[in-house]
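Atom set for the values below is all heavy atoms of this structure, side chains included, hydrogens, waters and symmetry mates excluded. Please read these numbers as outputs of a predicted model, since none were measured by experiment. Lettering follows sequence order; numbering is per chain, from 1.
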Amino acid sequence: MDFAAIVVIQVLYAIASLALISLGLAIIFGMMRVINFAHGEFLMLGGYAVLLPVEAGVNLWLAMLVIAPVTVGLFGIVVERIIIRPLYGRIVETVLATWGLSLLMIGLASEIIGYYQAGAAPPLGTVQIGFYREGAYTFFVIGITAVIFVAVYLFLRRTRFGLIALGTMQNADMAAALGVNVNRVYAATFGLGAALSGLAGAIMAPIAGVVPIIGITYIAKAFITVIGGGTVFLAGTAAASVLFGTITQVVTFLSTSFGEVALLVVAVVLLHLLPEGITGRFLRRGL
Amino acid sequence: MTGIKRRTFLTGSLAGAALGATAGAFPRFTWAQSGDKIRIGTILDLSGPFQPFGTQKKRCLDLAVEEINQKGGLLGRQLELVSYDAQSNNQLYAQYATQLGLRDKVSVVQAALQSSSREVIRPILRRSNTLYFYNTPYEGGVCDRNTFSTGTTPGQLLANMLPFMINRFGKKIYVLAADYNFGQLSEKWTRKLAKDHGGEVIASEFFPLDVAQFGPSISKIQGAKPDFIVNTFVGPAHAAFYGQWTAAGMKKQIPIASQTFGEGGEIQRMPPEVSDGIFVCYSYMDEIDTPANQAFIQKFKAKYGADYGYLGDLSMSEYMGIYLWAEGVKKAGKLDRNDVIKALESNISLDMPGGKVTIDPATHHCIFDMYLAVAGTDRKFKILQKFPQERPTNPGNECDLVKNPNTNTQFEAKI
């Protein structure tokens, strides 16, 4: 019984962590159609935006929930202005540019921060579930991911800026004709995606550790999740996280080696059956 | 990355052409200059997931070469390192090993981190008659006349660490290992050596190198209730285990012995709440408190900064590799591969920062001191026990390259 509870918690955690690391990409790639190969490094930067302040004595929660998203969000706005803006609509060039940015960020982090930066200990202690112990932080990740998704949904659906951003992504020319400063909307939306990536990297930092190359472990999964989700980026990413997270984690319980394989197999089968992702057929009216 | 730079190439060939025209007597003057140096090849992961290991290993190679050159070189000639970055990619290992053997014609290759990379380049170098040193602790058993290893074997590491852990904590062992030849074969040796010392492996799990989520495994370990864990984790993704293990409150419950912990700077990176209490067993540790090692560490700090990170035997083995090979060349008096191998097989022995190191002629591996240590709360290892002059022989190992020089295989644990 308590083992069943543990399995359920672990599955929820797998779904949450997949959704969390993919959300920033869902905005930047799913909503804006910008292929950001430096997404993993945005997460890495978010991790360091927690570790370095914590090392300097800043409160962990303040660093994680405020400093990291703000820092990476501002960084994202700068990146958008310098690298992304001249390349909108030029997919291959964007891929190359962001890939270059990814390599540059790994190189800079290796040179400046290196591999010996002290990490932060996972906070919150443990929860006893029958015979098993589970980190309380696991529940925190599940909870905060749900909160973040709801917040992003409400922000895009209920605020003036959110609606303008959605409209601009649908038809930039029309938005411009209606007097919207399209460039500013693009920059802000990219910044939002970057901030969410930074937040995700920050939340993962205490339990996954941060090294300059940590992005490599995130990037493929994030892209598979967003692509599997399809055009309706928010509902799609959530749905794909549920599907991939559940199957991966259940398979991992059966055999560790095949967990990651299962993710890829499911993604291949899914894209074969639904070439436009989950939301190509389901949840088409969501966000 | 090396290779011929265009400018030097142009200058060289122009100078050569000029000399060829004016001084016909010395047409190959420029070539003789560059050929004067003894070339040592190396392939390491200087970028990609294994960058932190490769970078530190390369520093040890550089330092050894620099020291030998300052003392006048080898056979009166300076050493030159021909270095390639394999970018943590085994295909590039194959390509660069071929280049080193056939194009660069180096005298020796000191290369590779992962066992999988070693098994890619070992046959290539053997075919091109290029002497090979593998300088990384590994699963042991490679028996190949062309290959020498300065890394530890299970007969040195597990055979000392397992009895210590079994005596202190109990018999039931849970193995967590990287899912490739290093992890797989190490797990076999763990089962074999645990049995030899009255212990038992109750379960083993293997993780592909990009797995960074260990929740299900941590639950399974709690269910299995082992007395301790033996891990063979490799790379940055696997290092995430320790934080998750601590978050689940398991650190005080079940102790961990690791084959790899600390060699990538984990002890500096992880907070003591996560790292303290992890047991390791290595042939070299930066903390060794002898005048020889203190002097070495001072020299390393002077060159690479006080915050150089951590070396461990993973990197020190590279330093040993260069010196042992150089000693062989000195004894042979020439660079010919066969003569150098014969010299290396004549019980060559050197005092290295970690203590005395001798090449065992039968296995082409090294005899050295082993240190059992535990990670402390001060981000340093505390050495608990020293096992002097441990032989590299694995139990039941049939490797004898003196008697059977044509052997070319890797002996595995027989269970």
When you look at NZ of B/Lys251, are more than 12 heavy atoms from neighbouring residues, nucleotides or ligands closer to it than 6.0 Å?
-> yes
Roughly how far, to the nearest 0.5 Å, is CZ of B/Phe207 from OG1 of A/Thr252?
-> 9.5 Å
Cut-off 4.5 Å, heavy atoms of chain A, and the answer for B/Ser219 is both
Which atoms of B/Pro52 come close to chain A, meaning under 4.5 Å heavy atom to heavy atom: side chain ones, backbone ones, both, or neither?
-> both
Heavy-atom distance under 4.5 Å to chain B: side chain of A/Ser17, backbone, both or neither?
-> side chain
Checking heavy atoms, do the side chain of B/Asp179, its backbone, both or neither come under 4.5 Å from chain A?
-> side chain
Under the ring-ring contact (aromatic ring centres under 6.0 Å, His included) test, residues paired with B/Tyr284 that sit two or more places apart | none
When rounded to the nearest 0.5 angstrom, what is the spacing between CE in B/Met250 and OG1 in A/Thr126?
-> 9.5 Å
Is there any residue in residues 5-13 of chain A with a non-hydrogen atom under 4.5 Å from a non-hydrogen atom of chain B, and which ones are they?
-> A/Ile6, A/Gln10, A/Tyr13
Specify which of B/Lys220, B/Arg269, B/Glu205, B/Gln213 makes the most heavy-atom pairs with chain A at under 4.5 Å.
-> B/Arg269
Choice from B/Glu266, B/Arg379, B/Met270 maximising heavy atom contacts with chain A below 4.5 Å = B/Arg379
Between side-chain atoms of residues 208-226 of chain A and protein atoms elsewhere (two or more places apart, or another chain), which donor-acceptor pairs fall under 3.5 Å?
| from | atom 1 | to | atom 2 | distance (Å) |
| --- | --- | --- | --- | --- |
| A/Thr217 | OG1 | A/Ile214 | O | 2.5 |
| A/Thr225 | OG1 | A/Lys221 | O | 2.7 |

Under 4.5 Å to a heavy atom of chain A? For B/Gln56 that would be side chain
Can you establish whether the number of heavy atoms outside A/Gln128 located under 6.0 Å from its atom CD is more than 12?
-> yes
Crowding at CZ, A/Phe131 (>12 non-hydrogen neighbours, <6.0 Å) | yes
Under 4.5 Å heavy-atom distance to chain A, tell me which part of B/Phe241 shows up: side chain, backbone, both or neither.
-> neither
B/Gln222 (side chain) donor-acceptor with A/Arg133 (main chain) under 3.5 angstrom | yes
Using residues 51-67 of chain A as the side-chain source, report each donor-acceptor pair under 3.5 Å to any protein atom, sequence neighbours left out, with the distance given to one decimal.
| from | atom 1 | to | atom 2 | distance (Å) |
| --- | --- | --- | --- | --- |
| A/Asn59 | OD1 | A/Trp61 | N | 2.7 |
| A/Asn59 | OD1 | A/Leu62 | N | 3.1 |

So, the part of B/Gln244 with a heavy atom under 4.5 Å from chain A: the answer is both
B/Lys303 atom NZ, over 12 foreign heavy atoms within 6.0 Å = yes
Residue from B/Ala240, B/Pro271, B/Gly243 scoring the most non-hydrogen pairs under 4.5 Å with chain A is B/Pro271
Drop me the distance from B/Gln51's CD to A/Ile106's CD1, to the nearest 0.5 angstrom.
-> 8.0 Å
Of the listed B/Ala239, B/Pro272, B/Gly249, the one with the largest count of heavy-atom pairs under 4.5 Å with chain A is B/Gly249
